[in-house]
Amino acid sequence: MRAFNYNIKLIRSLTGKNQKDFARLIKSKESNIKTWEPTKSAPRNQIIYSRIAELASVAVEDVKTKKLEEKDINIKVEIVEDESPLIIPKNYQSFCI
């Protein structure tokens with residue numbers, strides 16, 4: 001297994017996302033994730049590498065070529081699970097206790 005294939009699975013598992021949700025997170029397809037994780041294939045689109053690297057707070061070249069360890073990765077994800085916008089009431093203070 002190449003470094004990238006190992007890394008994408010590690011990064012996905014650290015986000016706590018399944019393949020479908022991780023694919024949405026990096027704006028790809030679930031079928032791509034299913035192909036990339038277990039095999040020697042990799043994305044052709046450099047933007048995918050950039051999205052994964054940004055998500056893990058690592059360099060793009062590290063995602064591609066260096067077998068990362070959990071300590072190398074700093075996941076930065078802020079996701080609202082239902083993908084709805086956060087709405088703050090106009091009279092917010094009246095809702096505070």
Taking the side chain as every heavy atom from C-beta outward, state whether N18 and D21 have any atom pair closer than 4.5 Å.
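A side-chain contact under 4.5 Å exists here.
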If you define the side chain from C-beta out and look only at heavy atoms, does anything of D72 sit under 4.5 Å from K66?
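Yes. Closest side-chain heavy atoms under 4.5 Å.
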From [X] atom [atom1] to [Y] atom [atom2], the distance as rounded to the nearest 0.5 Å:
{"X": "T15", "Y": "L10", "atom1": "OG1", "atom2": "CG", "value": "10.0 Å"}
{"X": "I48", "Y": "W36", "atom1": "CD1", "atom2": "CH2", "value": "5.0 Å"}
{"X": "I11", "Y": "S57", "atom1": "CD1", "atom2": "OG", "value": "9.5 Å"}
{"X": "L68", "Y": "D62", "atom1": "CG", "atom2": "CG", "value": "6.0 Å"}
{"X": "N7", "Y": "I73", "atom1": "CG", "atom2": "CD1", "value": "6.5 Å"}
{"X": "S13", "Y": "I75", "atom1": "OG", "atom2": "CD1", "value": "8.5 Å"}

Here's one to test your reading of the geometry: is the NZ or CZ of K67 within 45 degrees of the ring axis of Y6 and under 6.0 Å from its centre?
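Satisfied, under 6.0 Å and within 45°.
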Which one of R24, Q19, K9 satisfies the side-chain contact (heavy atoms from CB on, under 4.5 Å) criterion with I33?
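Exactly one pass, corresponding to Q19.
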Are any side-chain N or O atoms of [X] and backbone N or O atoms of [Y], one a donor and one an acceptor, separated by less than 3.5 Å?
{"X": "R12", "Y": "K17", "result": "yes"}
{"X": "Y49", "Y": "P43", "result": "yes"}
{"X": "N5", "Y": "A42", "result": "no"}

Is atom CD of E30 surrounded by more than 12 heavy atoms (other residues, nucleotides or ligands) closer than 6.0 Å?
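Correct, the count exceeds 12.
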Is there a continuous path of hydrophobic side-chain contacts, each under 4.5 Å between heavy atoms, that joins V60 to F22?
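Linked within one cluster.
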